[in-house]
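Worksheet: the structure to be examined is printed underneath.
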Amino acid sequence: MLEKNYNPKDFEEKIYADWENSGDFKPDMHSDKDNFSIVIPPPNVTGVLHMGHALNDTLQDILVRYNRMCGKNVLWQPGMDHAGIATQMVVERNLAKEGVSRHDLGREKFIETVWQWKARSGGTITKQLRRLGASCDWSRERFTMDEGLSRAVRKIFVNLYKDGLIYKAKKLVNWDSKFMTAVSDLEVIQKETLGKMYYYKYPIEGEAGQFIHIATTRPETMFGDTAVAVSDKNEKLKHLIGKNCIIPIINRAIPIIADDHADPEKGTGAVKITPAHDFNDFEVGRRHNLPLINILNPDATLNENTPFAGLSTQEARVKTIEKLTELGFMEKIEDHPMVIPYGDRSGVVIEPMMTDQWFVDAPVLAKEAIRAVEQGEMEFVPKSYEKTYFEWMRNIQPWCISRQLWWGHQMPIWYGPDETIFCEENEKEAQVAADKHYGRHVELRRETDVLDTWFSSGLWAFSTLGWPDKSEYLDKFYPTSVLITAFDIIFFWVARMMMMSMYMMKKVPFKKCYIHGLVRDEKGQKMSKSKGNTVDPMETIEKYGADALRFFMAAMETQGRDINMSEARIAGYRNFATKLWNAARFCEMNNCQSVTNFNENQVSLGISKWIIAKAKQATAEVTRHLDNFRFSDATNAVYQFAWGTFCDWYIELSKPVFYGEDEQAKAETRAVAAWVLDRILVILHPFMPFITTELWNNISAERNCKLIHAPWPKNEQIDVNALSEIDWAVELISAIRSLRAEMNLPAGAKLHIILKSANAQSRANIAALDKIICTLARLEKIECVGDDYAMSPDMVQQVFNECTLLLPLKGVVDFAAERERLGKELEQLNKNIENYARKLSNSGFVERAPAQVVAEERRRRAEAEEKKAKVEEALARIANF
RNA sequence: GGGUGUGUAGCUCAGCUGGUUAGAGCGCUACGUUCACAUCGUAGAGGUCACAAGUUCGAGUCUUGUCACACCCACCA
């Protein structure tokens with residue numbers, strides 16, 4: 001017996017535990033069925049489930065469950081990312097509470113602490129994913145710092161290095177002064193800020209009273225200036241080119257050079273060049289062989305190359321201005337809107353800094369990654385994201401992969417006594433290589449830098465499947481079928497997976513890449529902790545059940561567009577679950593028991609044939625939409641069928657049968673209702689796995705499999721005729737109800753209806769459904785009489801007076817208008833057809849027009865003719881009255 | 001500066017390759033609870049599909065332009 005109320009809390013966790021314990025999520029490694037695989041976008045080990053995950057993982061689970069039911073051999077590979085900076089930050093923060101810094105512990109001890117933290121608090125998210133219903137194969141859970149995955153990282157690193165695709169270089173990089181590490185371009189976010197523009201002047205060397213005027217937003221960097229640039233097209237200033245000017249305060253002479261980087265229209269037309277702390281200036285410096293002067297310490301305080309060593313840039317800026325003013329070089333300060341780079345994790349200003357770093361030659365790796373998409377080996381869904389991908393890939397810069405952190409994959413690089421580099425997969429091999437190189441045993445020093453987190457994430461599609469070892473999982477499931485992710489990490493992750501996979505595996509990591517949007521708050525604002533507008537998916541699940549949240553996510557997902565949270569809508573889908581629960585209770589109360597040998601093609605009642613055809617139709621729709629990643633359309637189809645067709649109509653239509661005397665009809669209806677309910681459970685299961693399973697398990701039925709493995713029906717024959725018979729009755733009943741309301745007839749009034757327009761077929765249909773129609777439309781009696789004759793409006797009125805309706809009433813009253821409308825339409829269609837015919841027969845047109853155009857015209861003509869036939873039929877029906 | 005997307009009912013949004021009377025959920029109005037379900041039912045009101053021009057027999061859908069909003073990339077000494 002089902003409980004009276006739908007209460008998801010009673011069974012969701014229990015059902016999940018059963019799936020997991022029974023191994024229902026595991027693929028069958030001995031099967032030769034088609035394979036379907038997805039790798040999860042690994043959440044950070046520090047992460048807790050947010051609505052973005054809820055969306056991302058719901059979509060994956062829907063596809064995984066759907067494909068599993070389609071009979072494919074399915075693997076959903078789960079795991080987590082070690083998230084270098086994020087994790088180090090969390091653990092350091094915890095240590096700070098005890099007044100300990102990571103330096104107090106030392107590297108080894110610190111890393112040990114991180115592992116302890118992971119064992120204790122990491123991976124909350126995997127428990128939360130279970131609450132969501134994610135059917136990943138947890139027995140294969142991986143972590144990017146696992147031994148196997150670390151080996152993959154080292155192997156690919158060595159390969160890239162030996163192919164010359166990883167190199168060390170002294171370059172200007174984005175420096176995060178909080179974590180004291182380099183970061184990649186992607187980890188820098190530009191923020192609009194209102195800053196100041198400072199105008200001051202440098203005296204010209206040897207020409208008293210002559211100055212060159214400078215404008216800058218960062219006066220404190222003047223101590224690192226090694227030139228001032230003006231354009232040689234600048235008539236006013238070009239005479240200064242070749243002279244020297246003096247940096248005030250430190251009185252260092254620097255040349256005035258000609259460079260087009262100085263735009264005569266901007267600022268004063270003269271630009272101070274600080275090659276060590278500005279990307280543009282760096283380029284200028286390279287063109288002119290300027291020296292580089294580093295003025296910053298790793299923590300972004302000024303160093304001894306300046307008079308303000310130890311001060312922060314802000315403090316130094318104030319001091320510099322004071323000093324310049326005091327010396328009389330300051331001219332003016334203006335407000336100036338500008339864009340300042342910040343670290344996405346640290347939130348501090350990113351400083352361009354000259355350091356030794358390691359780079360991946362991304363432009364080379366990008367070539368294959370681009371080609372694979374160009375040639376359709378990997379497809380974006382929706383396709384428009386291809387453009388974003390190409391745009392970025394074609395302009396890709398070398399990827400800075402070294403991080404001066406402790407938590408992460410330490411680079412497999414060893415230095416000999418003379419700094420010769422040995423890149424091998426492990427220390428032993430490096431030692432062998434070094435000893436051979438030097439011809440003696442030498443002491444090696446390992447590179448302390450670790451790799452960018454995204455380096456290991458880039459291998460995720462194959463490293464989780466066992467690479468570099470031989471692995472049957474790799475053979476079976478690589479390339480994976482589809483990657484599902486949000487657009488904001490196309491560059492971070494998708495692009496890097498493509499590059500790494502094409503390089504190492506020579507195959508795409510996934511055949512398709514479905515991009516979804518962001519989950520925003522109810523007002524469309526981006527959710528963020530700082531704004532305090534986040535919604536916790538766990539609370540939502542607690543309140544409405546996981547199924548409601550999942551259904552919401554799927555229903556809102558329309559190919560890449562952002563989703564606004566809507567609690568009302570989630571509540572609505574909870575109500576949908578309740579509705580289904582109650583429908584199942586109705587079936588249970590009427591002893592509708594599904595049997596395994598039920599043959600849906602051998603039913604006799606009109607309503608049976610009708611609902612079966614409708615169910616198959618809905619199934620086909622859901623199938624088509626899921627095959628096309630149209631999640632919203634798929635949910636809509638199953639929702640409309642379950643509620644709008646099954647509950648609203650079929651159950652109502654079945655009641656007169658159940659409460660009647662015809663035992664044979666009752667028996668059939670019981671079987672059919674049970675069959676349809678089962679069908680709903682099947683096609684709803686990918687979206688609402690919990691309630692469907694609970695019902696599947698609890699309604700009395702013969703079962704030969706668990707719902708999670710129930711076969712998904714495909715390519716069924718749909719009896720189209722069965723549809724129209726009952727659709728007609730549905731329309732009739734709706735029309736009568738509508739009229740009752742319009743006429744303000746008392747609810748209790750029993751009506752007597754005479755149908756005058758009925759042809760033989762309608763009459764037969766009505767006779768068959770007589771009792772049902774009367775019950776549903778609250779009629780005393782429904783009668784079909786006579787042949788066609790027109791009903792005049794006063795006759796209609798008379799009918800009302802006698803509380804008897806003539807139907808279709810609207811049709812009778814509006815016949816004239818309707819006939820006119822249809823007449824016009826027919827006229828138009830005739831005109832169209834004539835038009836097409838003329839176009840086609842016109843030899844000039846046929847000669848000139850491309851074959852496609854001709855075909856198109858033919859198609860239009862055929863369509864118009866089809867339409868015309870329908871209109872003529874409608875006209876003929878009207879004429880029957 | 002370059003690019004992408006959005007603008008449809010009071011609100012949040014569907015509407016795929018042009019084709020009956022533009023849909024859904026929530027909200028609103030009226031009526032209705034013994035007989036699966038008030039987490040409900042029945043009926044209803046509510047839309048110049050941002051604006052303008054164009055293509056077409058036919059445009060919410062295609063083209064061009066205008067306006068508004070959102071996001072991404074690059075840069076601004």
Side-chain angles (χ1 to χ4, degrees), chain A residues 2 4-6 185 190 197-198 214-218 221 228-229 261-263 266-274 278-281 284 336-339 384-385 387-388 391-392 395 487-488 490-491 517-518 520 522-524 526 544 548 552 555-556 558-569 571-590 624-625 628 630 632-633 636 639-640 644 647-648 651-652 655 658-659 734 737-742 744 746-747 778 821-822 825 828-836 860 863-864 866-867 870-871 874:
Chain A
L2 293 172
K4 178 147 182 357
N5 292 314
Y6 163 61
D185 298 344
Q190 310 286 338
M197 179 73 87
Y198 302 90
I214 307 285
T216 181
T217 53
R218 304 196 55 188
T221 61
V228 171
H261 169 61
D263 183 342
K266 283 185 186 164
T268 61
V271 191
K272 65 194 260 322
I273 302 297
T274 322
D278 181 285
F279 288 99
N280 285 315
D281 292 3
V284 175
H336 181 72
M338 52 199 257
V339 178
S384 53
Y385 282 103
K387 213 174 165 182
T388 314
E391 188 59 27
W392 193 74
N395 296 303
F487 67 82
D488 56 339
I490 292 181
F491 305 141
L518 261 40
R520 297 166 173 276
E522 306 238 352
K523 296 187 200 99
K526 220 168 174 171
Y544 299 106
F552 167 80
M556 298 300 284
T558 50
Q559 302 222 325
R561 236 161 274 167
D562 287 354
I563 290 174
N564 290 0
M565 275 314 288
S566 164
E567 185 163 354
R569 222 164 161 132
Y573 294 126
R574 188 270 324 270
N575 295 354
F576 172 58
T578 306
K579 186 76 181 172
L580 182 69
W581 186 267
N582 284 307
R585 282 181 61 227
F586 173 85
C587 291
E588 186 180 54
M589 288 164 145
N590 287 287
R624 182 165 56 89
H625 292 314
N628 293 318
R630 300 193 68 90
S632 168
D633 291 332
N636 202 35
Y639 182 98
Q640 290 306 332
C647 293
D648 286 353
I651 286 185
E652 296 307 322
K655 281 177 182 172
F658 285 136
Y659 305 148
S734 297
R737 284 173 176 171
S738 197
L739 279 166
R740 292 183 74 111
E742 270 174 39
N744 268 324
R778 292 166 164 252
R821 190 183 71 77
L822 286 172
E825 195 174 338
Q828 180 68 61
L829 285 166
N830 277 324
K831 211 172 95 190
N832 291 352
I833 292 167
E834 232 175 81
N835 216 313
Y836 299 139
R860 283 182 180 178
E863 265 180 24
E866 201 177 303
K867 181 84 188 296
K870 277 188 190 162
V871 170

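The figures that follow rest on heavy atoms only: side chains count, while hydrogens, waters and symmetry mates do not. In this text the structure is predicted, and so the values were computed from the model without any measurement.
Proximity note for A:Arg630 (side chain, C-beta onward) versus B:rU12, B:rC72, B:rG15: the nearest is B:rG15. Proximity note for A:Arg569 (side chain, C-beta onward) versus B:rU12, B:rA70, B:rG3: the nearest is B:rU12. When each of B:rC71, B:rA14, B:rC75 is scored by its nearest atom to the side-chain atoms of A:Val339, the top-ranked nucleotide is B:rC75. In the set B:rU39, B:rG15, B:rA24, the nucleotide with an atom closest to the side chain of A:Arg561 is B:rG15. Side-chain proximity of A:Asp633 to the nucleotides B:rA14, B:rA36, B:rU42 is greatest for B:rA14. Of the candidates B:rG25, B:rG15, B:rC73, B:rC73 carries the atom nearest the A:Phe491 side chain, counting heavy atoms from C-beta on. Closest to the side chain of A:Met556, out of B:rU12, B:rG3, B:rC71, is B:rU12. Each of B:rA43, B:rC16, B:rA36 was ranked by its minimum atom distance to the side chain of A:Arg737; first place goes to B:rA43. Between B:rU39, B:rU12, B:rA36, one nucleotide has an atom nearer to the side chain of A:Asn564 than all others, and that is B:rU12. Side-chain proximity of A:Ala568 to the nucleotides B:rC26, B:rC71, B:rU42 is greatest for B:rC26.
In this structure, A:Tyr659 reaches the sugar-phosphate backbone alone: every heavy-atom distance under 4.0 Å involves primed, P, OP1 or OP2 atoms, never a base. Counting any heavy atom pair closer than 4.0 Å across all strands shown, A:Lys579 reaches a base atom. The residue A:Cys587 sits apart from the nucleic acid: no heavy atom pair falls under 4.0 Å. As judged by a 4.0 angstrom heavy-atom cut-off over every strand, A:Lys655 is placed among the base-contacting residues. Contact annotation for A:Asn280: backbone-only contact, meaning every heavy-atom pair under 4.0 Å involves sugar-phosphate atoms and none involves a base. Residue contacts shown for A:Ala577 are absent, as no nucleic acid heavy atom lies under 4.0 Å away. Nucleic acid contact class of A:Thr216 (heavy atoms, under 4.0 Å, all strands): sugar-phosphate only. Counting any heavy atom pair closer than 4.0 Å across all strands shown, A:Leu518 reaches no nucleic acid atom. Residue-level contact check: A:Tyr573 touches neither bases nor backbone, having no heavy atom under 4.0 Å from any strand. Among the atoms of the strands shown, only primed sugar atoms or phosphate atoms (P, OP1, OP2) are found under 4.0 Å from some heavy atom of A:His336.
Between B:rG15 and B:rU8, the two P atoms lie 13 Å apart (nearest whole Å). Annotation: B:rA53 and B:rU29 have their P atoms spaced 40 Å apart (nearest Å). Taking atom C1' on both nucleotides, B:rA9 is separated from B:rA70 by 23 Å, rounded to a whole Å. Taking atom P on both B:rG65 and B:rG2, the two are 13 Å apart, rounded to the nearest angstrom. Of the P atoms belonging to B:rC67 and B:rC26, the separation is 39 Å, rounded to the nearest Å. Separation of the P atoms belonging to B:rA43 and B:rC49 is 28 Å when rounded to the nearest angstrom. A gap of 11 Å separates the C1' atoms of B:rA59 and B:rU63, to the nearest Å. With both ends at atom P, the span from B:rA24 to B:rG44 equals 12 Å, rounded to whole Å.
Within a 6.0 Å radius of CD in A:Glu391, no more than 12 heavy atoms belonging to other residues, nucleotides or ligands are found.
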Checklist outcome for this item: Pairs under 3.5 Å (Watson-Crick or G-U), crossing ones as [ ], inter-strand ones as |: RNA chain B comes out as (((((((..((((.....[...)))).(((((.......))))).....(((((..]....))))))))))))....
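One N or O donor and one acceptor, one from the side chain of A:Glu652 and one from the base of B:rA36, sit under 3.5 Å apart.
Under the side chain to side chain donor-acceptor pair (under 3.5 Å) criterion, A:Asn590 pairs with no residue at all, not counting sequence neighbours. Applying the side chain to side chain donor-acceptor pair (under 3.5 Å) criterion to A:Asn636, with sequence neighbours excluded, gives no partner residue.
Judged purely by atom type and a 3.5 angstrom limit, A:Ser632 has no side-chain atom pairing as donor or acceptor with the backbone of A:Met556.
As rounded to whole Å, 17 Å separates atom P of B:rU39 from atom CH2 of A:Trp581. For the pair A:Asp263 CG and B:rC76 P, the interatomic distance rounds to 11 Å; values are reported in whole Å.
Relative orientation of the A:Trp581 and A:Tyr6 rings is tilted, given thresholds of 30° and 60° on the angle between their planes.
The closest side-chain heavy-atom distance from A:Ile563 to A:Phe552 is below 4.5 Å.
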